[in-house]
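One structure is given here, and the rest of the page talks about it.
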Amino acid sequence: MTVVAVIDSGGGNIGSVRYALERLGARSMLTADPAMIASADRVILPGVGAAAPAMARLRELDLVATIRRLQQPLLGICLGMQLLYESSEEGEVECLGLLPGRITRLPTGPGVRVPHMGWNLLQKHESALGERLLAGIGERDQAYFVHSYAAPVTADTLASAGYGARFTAVAGRGRCFGAQFHPERSAAVGSRLLANFLALEA
């Protein structure tokens with residue numbers, strides 16, 4: 001059975017993330033213990049809220065170096081994905097730096113209100129990593145988003161979505177992955193992404 005360390009980042013979505021993992025046959029443990037995180041088969045960094053307090057909590061728990069050194073697959077969800085990047089405009093904070101780029105606020109405009117809340121189409125980008133993480137997810141599939149800030153579209157973008165402008169919906173580099181949407185609230189699409197993550201080679 002795959003053991004998944006869910007980092008106790010204080011996010012309100014942690015319970016539903018753990019339930020989604022357990023439905024897929026994985027054993028999840030909510031932890032802030034560096035040794036338990038380092039020894040798990042997979043690691044998930046969830047997050048709801050703002051970047052600066054979230055990074056402050058990771059520093060307070062002395063987890064920044066632990067996360068940066070992980071050798072097993074890591075998945076950041078929502079704010080957790082944003083924390084994988086170098087910095088965030090939200091609170092002008094330095095983040096984990098596992099993915100290059102800066103998180104910025106979504107643009108507003110006629111009919112475009114921030115936060116972006118609701119279902120949105122995923123557009124897959126050609127990538128070997130994306131083929132594995134997004135296997136079984138189609139071009140017309142949608143996922144559920146709740147966010148005000150987002151990552152730019154870069155070479156690490158595995159899938160993007162549009163809301164005022166295009167942004168990274170799923171990212172990946174090496175063993176580090178991120179989903180801006182909430183897999184635990186995205187029905188079959190979210191379940192498939194989590195199942196694919198659990199099946200990735202360590």
Side-chain angles (χ1 to χ4, degrees), residues 4-7 9 11 13 17 37-38 40 42-59 61 63-107 116 120 122-134 137 143 145-163 165-183 186 190 193-194 196-198 200-202:
V4 183
V6 179
I7 296 176
S9 58
N13 61 330
V17 169
I37 293 168
R42 302 286 184 276
V43 178
I44 289 182
L45 175 60
V48 172
M55 282 304 303
R57 177 170 172 81
L58 293 180
R59 292 191 184 96
L61 296 170
L63 290 179
V64 171
T66 298
I67 296 170
R68 285 174 173 164
R69 289 195 300 260
L70 289 174
Q71 296 300 306
Q72 63 271 64
L74 164 68
L75 175 67
I77 293 176
C78 195
L79 176 62
M81 168 176 152
Q82 296 176 18
L83 298 182
L84 300 177
Y85 285 81
E86 293 171 305
S87 65
S88 176
E89 182 180 274
E90 185 182 25
E92 294 298 331
V93 64
E94 178 187 345
C95 298
L96 294 166
L98 295 170
L99 296 174
R102 177 170 169 80
I103 302 299
T104 58
R105 186 170 174 83
L106 289 168
H116 169 214
N120 204 332
L122 298 175
Q123 178 184 328
K124 293 166 72 172
H125 292 224
E126 189 171 339
S127 160
L129 275 180
E131 287 299 317
R132 299 202 298 273
L133 187 64
L134 301 175
I137 296 175
F145 293 83
V146 182
H147 62 123
S148 298
Y149 291 79
V153 175
T154 69
D156 299 316
T157 301
L158 306 184
S160 63
Y163 189 77
R166 294 212 73 77
F167 62 87
T168 293
V170 183
R173 170 180 285 221
R175 294 184 176 89
C176 180
F177 301 91
Q180 179 58 68
F181 62 88
H182 286 273
S186 295
L193 181 135
L194 290 174
N196 291 342
F197 172 70
L198 294 174
L200 289 172
E201 294 180 7

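Just so you know, residue 1 is the first one in the sequence shown, and it goes up from there. Owing to the predicted nature of the structure, the values given are computational and were not obtained by experimental measurement.
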- Query: Distance from Met81 atom CE to Cys95 atom SG, nearest 0.5 Å?
  - Reply: 12.0 Å
- Task: Would you check if the side chain of Gln72 reaches a backbone N or O of Ile37 as a donor-acceptor pair within less than 3.5 Å?
- Result: yes
- Task: Could you tell me the separation between the CG atom of Leu99 and the CZ atom of Arg173, rounded to the nearest 0.5 Å?
- Result: 7.0 Å
- Query: Can a salt bridge be assigned to the pair Arg102 and Glu92 using a cut-off of 4.0 Å between side-chain N and carboxylate O?
  - Reply: yes
- Message: Just so I know, are the side chains of Ser160 and His125 near enough to count as touching, which here means a heavy-atom distance under 4.5 Å?
- Response: yes
- Query: What's the spacing between Leu122 CG and Leu158 CG if we round to 0.5 Å?
  - Reply: 11.0 Å
- Item | Point-to-point distance, once rounded to the nearest 0.5 Å, from CG of Leu84 to CG of Leu45 | 6.0 Å
- Message: Side chains of Phe181 and Asn120, heavy atoms from C-beta outward: is any pair under 4.5 Å?
- Response: no
- Query: Rounded to the nearest 0.5 Å, how far apart are CD1 of Ile7 and CD1 of Ile67?
  - Reply: 3.5 Å
- Item | Side-chain touch Lys124/Val170, heavy atoms, less than 4.5 angstrom | no
- Query: Is there side-chain contact between Leu79 and Val48, with at least one heavy-atom pair below 4.5 Å?
  - Reply: no
- Message: Tell me the closest heavy-atom pair linking Ala161 and Ala169, and the distance in Å.
- Response: N-CB, 4.1 Å
- Query: Under 6.0 Å from the CD atom of Glu126, do we count more than 12 heavy atoms belonging to anything else shown?
  - Reply: no
- What's the verdict on side-chain contact (heavy atoms from CB on, under 4.5 Å) for Glu94 and Met55, showing C-alpha distance, side-chain angles and the deciding distance? CA-CA 8 Å; Glu94 178 187 345; Met55 282 304 303; over 6 Å; no
- Item | Straight-line distance of Leu98 CG to Leu70 CG, nearest 0.5 Å | 8.0 Å
- For Leu75 and Arg42, what are the C-alpha separation, side-chain angles and deciding distance, and is it a side-chain contact (heavy atoms from CB on, under 4.5 Å)? CA-CA 8 Å; Leu75 175 67; Arg42 302 286 184 276; over 6 Å; no
- Indicate yes or no: at least one non-hydrogen side-chain atom of Pro100 is less than 4.5 angstrom from one of Thr154. no
- Message: On a heavy-atom basis, which atom in Phe167 and which in Val153 lie closest, and how many Å separate them?
- Response: C-CG2, 3.8 Å
- Query: Hey, is the main chain of Ala159 close enough, under 3.5 Å, to the side chain of Gln123 for a donor-acceptor pair?
  - Reply: no
- Shortest non-hydrogen pair, Ala52 vs Gly91, comes out as CB-CA, 4.3 Å
- Query: Got a donor-acceptor contact below 3.5 angstrom from the Arg69 side chain to the Ala38 backbone?
  - Reply: no
- Query: Checking Gln82 side chain against Ile103 main chain: does a donor-acceptor pair fall under 3.5 Å?
  - Reply: no
- Item | Minimum heavy-atom distance Thr157-Pro152, with the two atoms named | OG1-O, 3.8 Å
- Does Gln180 reach the side chain of Thr168, with side-chain heavy atoms less than 4.5 Å apart? no
- Query: Between His116 and Phe145, how do the two ring planes meet: parallel, tilted or perpendicular, split at 30° and 60°?
  - Reply: parallel
- Considering the options Asn196, Leu129, Asp156, which one meets the side chain to side chain contact (heavy atoms under 4.5 Å, CB included) requirement together with Phe177? Leu129
- Note on the structure: Nearest heavy-atom contact between Tyr85 and Ala171 is OH-CB, 3.4 Å
- Side chains of Val6 and Pro46: closer than 4.5 Å at any heavy-atom pair? yes
- Query: With a 4.5 Å limit on heavy-atom distance, are the side chains of Thr66 and Leu61 in contact?
  - Reply: no
